[in-house]
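The structure appears right after this line, and notes come after that.
Below, chains carry the letters A, B, ... as their sequence lines are ordered, and counting in each starts from 1. Everything numeric in this text was worked out from a predicted model, so none of it was measured.
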Amino acid sequence: MPDNIAATLLDWYDLNARDLPWRARPGANATDPYRVWLSEVMLQQTQVATVIPYFEKFTARWPDFAALAAEEDAEVMSAWAGLGYYARARNMLACAREVARLGAIPDTEAELLRLPGVGGYTAAAVAAIAFGRRAVVVDGNVERVVSRLFALSDPLPGAKPQIRALTDSITPDARAGDFAQAMMDLGATICTARSPRCLLCPLRSACAAFAGGAPETFPVKTKKAAKPQRYGTLFWFERDGQVLLVQRPDKGLLGGMRALPTGPWVESPPGIEGAPVAVEWRILGSGITHVFTHFRLDCALAVATIGAQEAVQGIWWPVAEIESAGLPTVFAKAVEAIRRAR
DNA sequence: AAGGCGTGGGT
DNA sequence: TACCCAAGCCT
């Protein structure tokens, strides 16, 4: 049966593979390891439709490892703004520079695993897709497809070792990269989380969850804790057509990104505590809401347009060019709300 | 080794 | 609405 699953899925993939910019077109050059690696980093916890415009922008501007490695940090972080999980961008740049130093990206899973920002999934994916090696590629799609194929009752994340072993058992020696991409295409388009389209699925006859009549109940997962609510204040301080920005520290939330000055993000509304300068702040009537991975944030917006004469620590950025500052989405939302309020 | 770490889409 | 989820990695 394992042989049958791989062969059936690869036949389906040959007819139904999605046309994605990091995949080699039929008759085109072989897959470019740089493009495969870059796409895999961008795709970590991020959907294909979100990644595509960023991938096009990055590859047009930085077509290979050397070009990316030579770029300044701030330019790369700014280009990444809005894509989220900003540690990926810092690790991506460190990885590009390591690859430039090595001369080429390694072509084995074990060596790939040592690169910054390359974990078990990405190492296996690059080894298989870019270099044709047999590797067991397990992402969220594969976890879902496999847990349904075998109707696994053990909940995630505890079931990960079992899922990896089962994925290994159905991974073919040849075309492991296509097999991995086929599993992910299947998971993204047919074996979806909420309403799987089982009648279109090439693996329907091999699927224990389909046979059991409730495929959407797999994979079983342990419940997640509710997100806590936090509150804060964002400060818009403008002088002579320029607004005050800050550079956030490299570690932690939104690390290494330019940002509006903020006070602390705490359990109850803090007022203007943490303001970058002691002036008369005007609190706008409505603030912004933003949801991060592990907490929900309601922020008041404090505005001061009267010039203070004392020196202020930070980055003065032209208000007319604020879109080019590379602000994370939470701050872009604030900028838009402030613009509408004035 | 469990929790920190973004954002947008889907239901 | 308020969740859940998405081509995970790092510490």
Side-chain angles (χ1 to χ4, degrees), chain A residues 18 20-23 35-55 77 80-92 94-95 112-130 135-145 156-158 160 164 167 177 179-189 191-196 216-217 219-230 248-257 259 265 288-297 326-333:
Chain A
R18 288 180 290 176
L20 302 174
W22 45 87
R23 288 182 177 167
R35 294 167 67 88
V36 172
W37 162 79
L38 181 62
S39 70
E40 292 302 342
V41 171
M42 289 184 165
L43 286 162
Q44 289 165 7
Q45 294 286 281
T46 310
Q47 297 189 132
V48 164
T50 302
V51 164
I52 286 175
Y54 283 88
F55 180 83
M77 298 307 288
W80 191 279
L83 195 53
Y85 282 140
Y86 298 99
R88 287 186 297 172
R90 297 194 298 278
N91 289 331
M92 172 191 69
C95 183
L112 286 161
L113 198 49
R114 293 193 213 117
L115 296 170
V118 176
Y121 162 76
T122 302
V126 172
I129 297 169
V136 181
V137 180
V138 183
D139 75 325
N141 289 300
V142 174
E143 286 180 349
R144 186 171 57 257
V145 171
L156 282 169
K160 281 175 183 284
R164 191 189 187 286
T167 305
F179 176 77
Q181 294 182 88
M183 290 285 277
M184 295 188 279
D185 276 18
L186 188 75
T189 64
C191 195
T192 54
R194 299 298 180 84
S195 303
E216 72 281 359
T217 61
V220 180
K221 294 193 177 184
T222 55
K223 286 231 171 184
K224 292 173 185 169
K227 290 183 200 291
Q229 175 73 52
R230 292 187 194 169
R248 293 178 65 88
D250 275 347
K251 302 262 183 185
L253 188 68
L254 309 175
M257 301 299 288
W265 291 348
I288 59 154
T289 292
H290 191 74
V291 182
F292 290 104
T293 308
H294 54 297
F295 65 94
R296 187 176 302 273
L297 179 68
L327 297 179
T329 298
V330 60
F331 303 112
K333 277 186 189 175

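- Leu186(A) and Val145(A) get closest at one heavy-atom pair: CD2-CG1, 4.2 Å.
- Not a single donor-acceptor pair under 3.5 Å links the side chain of Arg164(A) to the backbone N or O of Val138(A).
- Rounded to whole Å, the separation between the C1' atoms of dA1(B) and dG8(C) comes to 15 Å.
- Mapping Ser195(A) and Gly82(A) onto DNA chain B via the closest heavy atom, the residue that lands nearer the 5' end is Gly82(A).
- For the C1' atoms, the distance linking dG8(B) with dC10(C) amounts to 24 Å, nearest Å.
- Counting any heavy atom pair closer than 4.0 Å across all strands shown, Trp22(A) reaches a base atom.
- The main-chain N or O of Ser195(A) is found under 3.5 Å from a side-chain atom of Thr192(A) such that the two form a donor-acceptor pair.
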Side chain to side chain contact (heavy atoms under 4.5 Å, CB included) assessment of Trp80(A) paired with Tyr86(A) = CA-CA 8 Å; Trp80(A) 191 279; Tyr86(A) 298 99; 3.5 Å; yes
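- In this structure Arg88(A) satisfies the side-chain hydrogen bond (donor to acceptor under 3.5 Å, both in side chains) test together with Thr46(A), sequence neighbours excluded.
- Here Val48(A) lies in heavy-atom contact (under 4.0 Å) with a base.
- Thr329(A) comes within 4.0 angstrom of sugar-phosphate atoms only, judged by non-hydrogen atoms across all strands, and of no base.
- The residue Gly252(A) sits close only to the backbone: its heavy atoms come under 4.0 Å of sugar-phosphate atoms, none of a base.
- Between Phe292(A) and His290(A), the distance from one ring center to the other falls under 6.0 angstrom.
- Leu83(A) comes within 4.0 angstrom of a nucleotide base, judged by non-hydrogen atoms across all strands.
- Distance alone, capped at 3.5 Å, is enough to place a donor-acceptor pair between the Tyr54(A) side chain and the Ala81(A) backbone.
- Comparing Ala188(A) and Lys251(A) along DNA chain C, the residue whose closest nucleotide (by nearest heavy atom) sits nearer the 5' end is Ala188(A).
- Nucleotides dG3(B) and dA7(C) have their P atoms positioned 24 Å apart, rounded to a whole Å.
- Residue Thr122(A) is in sugar-phosphate contact alone, with no base atom involved, counting any heavy-atom pair closer than 4.0 Å across all strands shown.
- When heavy atoms are screened at a 4.0 angstrom cut-off, Arg18(A) is found touching base atoms of the nucleic acid.
- Between the Arg35(A) side chain and the Pro21(A) main chain, a donor and an acceptor come within less than 3.5 Å of each other.
- Both Ala125(A) and Val118(A) sit near DNA chain C, but only Ala125(A) has its closest nucleotide nearer the 5' end.
- Taking a heavy-atom distance under 4.0 Å as the criterion, the stretch of DNA chain C touched by chain A extends 5' to 3' from dC4(C) to dC10(C).
- The closest donor-acceptor contact from the side chain of Arg144(A) to the backbone of Gly187(A) lies under 3.5 Å.
- Note that the first and last nucleotides of DNA chain B, 5' to 3', having any atom under 4.0 angstrom from a heavy atom of chain A are dG4(B) to dT11(B).
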